[in-house]
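Every number for a ligand or one of its atoms is a count from 1 in the order of the listing.
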Amino acid sequence: MSPEGPFPGRRPKQLRSDEYMQLQRLVKGHAGLHLSSKKRQEVELKLAQWLRPGLNGAGLLADLARSPERLQELAEELTVGETYFYRNRPHFKALRTHVIPTLIRDAGAHRKLSFWSAGCATGEEPYSLAMLLDQHFPMLDRWSIHIRGSDLNRQFLERARQAVYSRWSLRSLEPELVERYFTRTNSYDPSSDYSHQLVAKLKRRVTVAEHNLTVDLDPPNLPPGGFDLVLCRNVLIYFDRPDSDRVITRLIGALRPGGYLFVGHVDSYPALGALDAEYKCGTFYYRKPTCPKPHRTSETQLIPGLAVRSVPPGATTTGGAVAPPKKRSTQRHLTPKRTTTPPAEEQTEDALNRARVQANTGQAAAALTSLQRLAERSGRLDHRVHFLRALVADQAGLRAQAQQSLRQALFLKRDFVVAHYFKGVVAERSQDWSVAQRCFQNAHELLQARFPDEVLEETGGLTAGRLHEILDQRLRFLRTEMETR
Ligand SMILES: C[S@@+](CC[C@H](N)C(=O)[O-])C[C@H]1O[C@@H](n2cnc3c(N)ncnc32)[C@H](O)[C@@H]1O
């Protein structure tokens, strides 16, 4: 089907705004997919083939509301199955060098490992895992290994079962791996490029099943005790924030204590706060603590890897490093008489600290109110106030407010590195690839003037060197995404 539907060249029939909203509700309820207004044109293009003479928007919506099967078909039409073998190399490097060796050590005598690729599309992700195990951990041949893939889209799952791939899917594999793990075939679809059949040994290791992450409570074949590793990469971006958090909470529930969770680059959600973030091989991933974490009171991860810490009273955060509180003068006669109203600077520091504590303990509304007051009074010219406001607003799902506060923070301090970085993270999450690239490049350039061990302002300890690594990785990821779209 042409991307314009059955009538190429013709503008697709439009849904009225209320109809589009109804469609949004139906699709969200069925599959969690968040059809933002930005995607409206793209969605309507896909819908063109569903609207035929005699079936207008209202008729189609009535059909969809009546028939879960039709709704499933539409959800399948709207899902994006972009994937390829060894997508996001740093993840696979971290799996090879840290995660799998730890899991093997933990498994000890029982010699069993269970993996789940949630939102596996056409199977490249779970098969990449099988490939990695075969390549680097041959002793696992004698273990009981189960890799499960699941997806909402039945057509994708059927292709995963066939395990016949195009060159495009293999684009990031070295020729030796293609040689070792694929045989040439023409049987699947001789007219297309689908000519690489995965070898039986890897195919056997993976089973796939239909599963809807936003609706089905239990994962497919949940092993007793939970999975050792769950991959749910590049899936959550299609959901809205509350649904993503709900899904993450379920994924965490499906992990055994000590198990690992990998989400996509751009996926950063409050629910991940229940896990320990690890940063290895230039990438973040998460581990479920062996005993539940106490409610965070001292720090939170509003941006992956970046904590926002409260600062001891009287300390300053110049350049990011927390300087100890200044000693009060012992010379009584020089000490100004303490007034009942502290100076504006002190008020700002105290109020900022209060807001940080509120943000860190999940009291987003209270933090926003404190910051709003600050932004109207003593802190209006303080870039940190606006930045913290952006972080908390983003965490609370208030995207427009987050973006406005970020703009203000950057207006007040043009070389505020972490604000450029965070602006890029937000843009990346909305798939504004070129904006994200520009922001990351700005941050990258600003870092050239910093020493690698310099702690960056408002990052809770992140050094310039480390952010440099993160930016390199994110820019590489963006280049790949932009090339493949
Ligand atoms: C872009 S692909 C990601 C594939 C793979 N995880 C990767 O990173 O390469 C997103 C997949 O999520 C699936 N998906 C979207 N909504 C889902 C839902 N509610 N439940 C399960 N899978 C879903 C889509 O069908 C699609 O196959």
Side-chain angles (χ1 to χ4, degrees), residues 24-36 39 42-43 46 68 71-92 94-95 115-132 147-161 165-166 168-173 206 208-220 229-251 254 261-267 283-285 428-429 431 433 477 480-481 484-485:
Q24 281 176 318
R25 276 196 296 276
L26 281 170
V27 173
K28 185 172 167 350
H30 181 79
L33 301 179
H34 175 52
L35 307 180
S36 66
K39 292 192 188 140
E42 190 191 324
V43 169
K46 286 189 174 168
L71 200 49
Q72 168 72 18
E73 273 176 52
L74 178 65
E76 294 195 7
E77 182 79 39
L78 296 172
T79 48
V80 178
E82 167 59 15
T83 180
Y84 50 91
F85 278 88
Y86 278 168
R87 180 180 196 176
N88 188 350
R89 282 281 180 165
H91 271 178
F92 284 92
L95 283 168
F115 305 100
W116 179 23
S117 160
C120 69
T122 38
E124 286 86 334
E125 184 177 84
Y127 288 133
S128 297
L129 193 55
M131 197 179 282
L132 182 97
I147 304 176
R148 276 149 206 156
S150 68
D151 203 279
L152 164 89
N153 190 315
R154 295 169 195 165
Q155 293 173 42
F156 291 167
L157 290 174
E158 190 42 42
R159 284 178 42 201
R161 285 187 195 101
Y165 293 100
S166 67
W168 188 237
S169 278
L170 313 183
R171 62 188 178 275
S172 99
L173 290 183
V206 175
V208 295
E210 186 182 338
H211 177 262
N212 184 335
L213 282 163
T214 53
V215 174
D216 301 326
L217 290 181
D218 287 329
L229 166 69
V230 173
L231 306 178
C232 186
R233 306 181 312 153
N234 310 299
V235 180
L236 302 165
I237 40 171
Y238 300 107
F239 308 152
D240 67 12
R241 193 163 273 262
D243 273 347
S244 305
D245 267 328
R246 262 192 294 280
V247 169
I248 291 170
T249 305
R250 282 186 203 155
L251 296 177
L261 174 67
F262 280 64
V263 293
H265 278 290
V266 292
D267 304 339
T283 195
F284 285 101
Y285 53 91
E428 205 181 35
R429 211 190 289 133
Q431 301 189 24
W433 307 121
F477 162 76
T480 319
E481 283 300 304
T484 54
R485 262 154 218 270

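- Residues forming a ring pair (Phe, Tyr, Trp, His ring centres under 6.0 Å) with F262 (at least two apart in sequence, or on another chain): H91, Y285.
- Evaluated for a salt bridge (Lys or Arg N to Asp or Glu O under 4.0 Å) with E210, the options R161, R148, R154 yield exactly one hit, R154.
- Protein residues are said to neighbour a ligand when one of their heavy atoms lies under 4.0 Å from it; for ligand 1 these are A31, L33, T79, V80, E82, T83, R87, G119, A121, E125, D151, L152, N153, F156, H211, N212, L213, T214, R233, N234, V235, Y238, F239.
- In terms of modelled atom types and a separation under 3.5 Å, the side chain of Q24 and the main chain of L35 share a donor-acceptor contact.
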Practice task
Start with the C-alpha gap between N153 and T79, add the side-chain angles, then the distance that decides, and say whether side-chain hydrogen bond (donor to acceptor under 3.5 Å, both in side chains) holds.
Solution key: CA-CA 8 Å; N153 190 315; T79 48; 3.0 Å; yes

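- Residues passing the salt bridge (charged side-chain N to carboxylate O under 4.0 Å, His left out) test with D216, sequence neighbours excluded: none.
- Y165 pairs by the ring pair (Phe, Tyr, Trp, His ring centres under 6.0 Å) definition with F85, not counting sequence neighbours.
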